[in-house]
Peer 1: 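Let me begin by handing over the structure; questions about it come next.
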Amino acid sequence: MSRAFYVTTPIYYVNDVPHIGHAYTTLAADVLARYRRLKGYEVFFLTGTDEHGQKVEKAANAAGETPQELADRVMKRFQALWEKLDISYTDFIRTTQERHKKGVSKIFKDVMEKGDIYLGEYEDWYCTPCETFWTETQLIDYKCPDCNRPTEKLKEESYFFRMSKYQEQLLAHIEANPEFIQPKSRRNEIISFVKEGLRDLSVSRTTFSWGIPVPGNDKHIIYVWFDALANYITALGYPEESGNFDKFWPVDAHLIGKDILRFHAVYWPTFLMAAGLPLPKKVFAHGWWTIEGQKMSKSLQNVVEPNMLVEKYGVDAVRYFLLREVPFGLDGDFSHSALVHRINSDLANDLGNLLNRSTAMLNKYFGGIVQAPADLTDMDLAYQEKTREMVRQVDMHLEELAFSKALQAIWEVVSAGNKYIDETAPWTLAKDPAQKERLATVMYCLLESQRIVYQLISAFMPQTAVKALSYLGVTDAPNENGLQWGGLESGTQVTKAEALFPRIEEKSE
């Protein structure tokens with residue numbers, strides 16, 4: 001089995017300010033990347049910025065700067081946020097980089113030489129904010145069906161990609177590979193879109209200049225989506241097909257928001273088919289966040305700013321909440337009260353309290369030194385088995401990108417730990433010298449289960465895991481061997497844990 005794993009976020013448009021939606025996709029990709037590294041995979045985790053197109057050119061002109069200056073400025077906001085959110089990306093691609101331009105020109109040229117890109121004339125209704133052409137029948141009162149803003153009729157010479165030629169091949173691929181488009185509801189949506197009939201796609205523009213010129217005809221600029229989507233291979237060194245491209249392509253998972261599904265599940269696969277390149281293994285489109293029950297919008301001034309959330313609640317609490325609150329793939333609602341509730345209930349009461357109680361008891365009864373366990377009772381074995389089952393469950397859920405279910409499986413073991421303390425009553429055992437061996441065994445099971453819990457939590461809440469494992473005397477970085485029962489050695493010095501997550505006073509916002 002190949003031990004390489006490749007995961008991507010979309011490249012984020014520099015005409016936007018980083019918001020909770022961007023953070024959500026990037027966090028999900030980060031958890032997958034960290035988990036696969038934990039399991040011993042060589043991981044390539046790509047993110048970046050989409051910096052070309054008419055929208056950027058217009059915004060830059062309005063701000064009195066060049067498009068490159070605007071891109072340089074906004075790109076830094078994304079990088080700064082990823083640093084703040086502890087995102088462990090391998091590479092950050094920018095579509096203004098030479099390596100990218102070279103790859104885009106090559107794929108365009110190859111497809112053109114094959115006869116799948118031809119010169120024609122285009123006339124249709126264009127939405128600048130969405131960078132999309134629409135037919136008159138698709139418009140709603142001459143407005144864009146996606147963003148509801150006015151469109152304008154454009155007629156220009158254009159290069160076209162023979163997307164219609166790949167309609168049946170794409171359908172056959174989707175039918176033969178149920179995992180290719182996830183979740184299932186999105187897959188059905190794409191199948192019906194393709195069955196309606198694919199038209200040839202306009203893949204160049206002449207009305208602006210901010211982008212990559214068409215090879216051999218620099219009056220034309222390559223359509224921003226043809227340019228942007230190629231980032232997933234140019235970052236791997238394409239057109240060189242050895243090295244990282246050979247090792248990591250096809251991608252294991254493209255994680256995207258549902259608004260850009262058509263580009264990733266129709267346009268991109270057909271471009272790749274025309275270029276004779278393998279298709280992605282999985283495109284997963286997640287849902288959207290509403291804010292306190294309302295759609296997020298600048299006009300409502302309710303856009304949740306991730307930097308502010310991290311400053312207010314801490315990075316790992318935000319990471320936990322976003323992936324725990326809503327099943328990945330469905331729409332979710334963000335509210336401060338729900339976040340505070342998760343911090344107090346799941347993180348302070350359940351997780352932090354268990355570590356605090358266990359390490360305090362080991363210090364009280366054994367001077368903080370882990371003792372070798374004696375024979376395990378049925379109760380101990382059940383707790384051990386639940387911990388082992390958690391490792392299997394998390395693996396299965398993360399394979400399906402079910403982050404919320406993976407966290408639920410971990411929290412069931414955290415709850416089992418708190419229950420195990422109540423049932424074994426170490427404070428009672430400690431009063432009877434004859435029960436010293438039994439007490440040592442109970443303490444061992446309790447701490448060992450948590451050591452494994454924090455190995456898994458390291459993918460979701462890396463800073464919390466490092467802190468907790470250091471209290472447990474574990475200095476090695478989380479790794480696959482750390483998921484086996486029995487890794488906590490007798491004689492290890494354990495420190496009494498401080499509160500991992502102080503409770504937050506709940507007040508009405």
Side-chain angles (χ1 to χ4, degrees), residues 24 27-39 86 88 314-328 332 338-339 341-359 380 382-422 445-472 474 477-488 497 499-501:
Y24 186 50
L27 275 175
D30 187 57
V31 170
L32 290 182
R34 286 177 181 276
Y35 180 71
R36 292 291 177 149
R37 286 188 204 111
L38 168 78
K39 297 278 287 179
D86 220 349
S88 62
V315 60
D316 278 358
V318 173
R319 287 176 63 109
Y320 174 76
F321 175 81
L322 289 177
L323 292 171
R324 178 72 174 86
E325 187 71 0
V326 180
F328 199 64
L339 173 51
H341 178 71
R342 285 272 180 208
I343 292 170
N344 287 344
S345 150
D346 301 9
L347 300 178
N349 286 6
D350 298 344
L351 186 72
N353 191 31
L354 177 62
L355 185 70
N356 180 271
R357 289 171 82 190
S358 322
T359 54
D380 307 333
Y383 183 34
Q384 180 191 58
E385 183 45 42
K386 196 163 182 59
T387 305
R388 284 182 171 145
E389 179 56 25
M390 163 189 69
V391 174
R392 292 189 284 270
Q393 290 273 331
V394 168
D395 196 63
M396 181 183 77
H397 293 318
L398 288 183
E399 190 64 42
E400 293 169 358
L401 275 59
F403 301 99
S404 186
K405 283 184 178 170
L407 284 167
Q408 210 173 327
I410 295 171
W411 253 253
E412 280 169 13
V413 170
V414 172
S415 299
N418 280 312
K419 189 166 171 247
Y420 178 77
I421 291 180
D422 296 340
C445 292
L446 203 47
L447 296 166
E448 174 59 355
S449 175
Q450 285 174 82
R451 185 191 63 76
I452 295 171
V453 158
Y454 285 104
Q455 296 278 329
L456 292 173
I457 281 179
S458 70
F460 295 89
M461 298 190 285
Q463 294 178 16
T464 301
V466 166
K467 199 186 289 183
L469 288 167
S470 72
Y471 287 133
L472 295 172
V474 179
N479 59 64
E480 194 167 19
N481 293 337
L483 299 174
Q484 308 295 321
W485 185 278
L488 192 61
L500 291 177
F501 293 92

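Everything numeric here is computed off the predicted structure, so don't read it as measured data.
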Peer 1: Just so I know, are the side chains of Lys386 and Glu412 near enough to count as touching, which here means a heavy-atom distance under 4.5 Å?
Peer 2: yes
Peer 1: Nearest 0.5 Å, what's the CZ-CG distance between Arg319 and Asp86?
Peer 2: 5.5 Å
Peer 1: State, yes or no, whether a side-chain contact exists between Ile343 and Phe321 at a heavy-atom distance under 4.5 Å.
Peer 2: no
Peer 1: To the nearest 0.5 Å, how far apart are CD1 in Ile457 and CG in Asp316?
Peer 2: 9.5 Å
Peer 1: Specify the closest pair of heavy atoms between Arg324 and Gln408, including all atoms of both residues, with the distance to one decimal.
Peer 2: NH2-CG, 3.7 Å
Peer 1: Are more than 12 heavy atoms from other residues, nucleotides or ligands located less than 6.0 Å from atom NZ of Lys39?
Peer 2: yes
Peer 1: Closest heavy-atom contact between Tyr420 and Cys445?
Peer 2: OH-CB, 3.5 Å
Peer 1: Any heavy-atom pair between the side chains of Asn356 and Leu500 that's under 4.5 Å?
Peer 2: no
Peer 1: Inspect the contact between Glu399 and Arg392 and indicate whether a charged nitrogen and a carboxylate oxygen are less than 4.0 angstrom apart.
Peer 2: no
Peer 1: Got a second to check how far Asn344's CG is from Phe501's CZ, nearest 0.5 Å?
Peer 2: 11.5 Å
Peer 1: Are side-chain heavy atoms of Thr387 and Gln384 found at a separation under 4.5 Å?
Peer 2: no
Peer 1: Do you know the tightest heavy-atom contact between Gly487 and Glu448?
Peer 2: N-OE2, 2.9 Å
Peer 1: Is the shortest heavy-atom distance from the side chain of Gln450 to the side chain of Thr359 under 4.5 Å?
Peer 2: no
Peer 1: Hey, what's the ring geometry for Phe403 with Phe460, parallel, tilted or perpendicular (30° and 60° as the breaks)?
Peer 2: perpendicular
Peer 1: Starting at CZ of Arg451, measure out to CG of Leu483 and round the result to the nearest 0.5 Å.
Peer 2: 8.0 Å
Peer 1: Taking atom CG of Leu407 and atom CG of Asp346, what is their separation to the nearest 0.5 Å?
Peer 2: 9.0 Å
Peer 1: How close do Leu446 and Ser358 get, counting heavy atoms only, and between which atoms?
Peer 2: CG-OG, 3.7 Å
Peer 1: Give, for atom CD1 of Ile410 and atom CD of Gln455, the distance between the pair rounded to the nearest 0.5 Å.
Peer 2: 11.5 Å
Peer 1: Considering non-hydrogen atoms only, spot the tightest contact between Tyr383 and Val413 and give its length.
Peer 2: CE1-O, 4.2 Å
Peer 1: Looking at every heavy atom in both Met390 and Ala409, which two are closest together, and how far apart are they?
Peer 2: CG-O, 4.0 Å
Peer 1: Just so I know, are the side chains of Tyr454 and Val474 near enough to count as touching, which here means a heavy-atom distance under 4.5 Å?
Peer 2: no
Peer 1: Would the distance check show the side chain of Asn353 and the main-chain N or O of Ala348 forming a donor-acceptor pair, the cut-off being under 3.5 Å?
Peer 2: no
Peer 1: Side-chain contact test, heavy atoms from C-beta onward, threshold under 4.5 Å: evaluate it for Leu456 versus Tyr35 and give yes or no.
Peer 2: yes
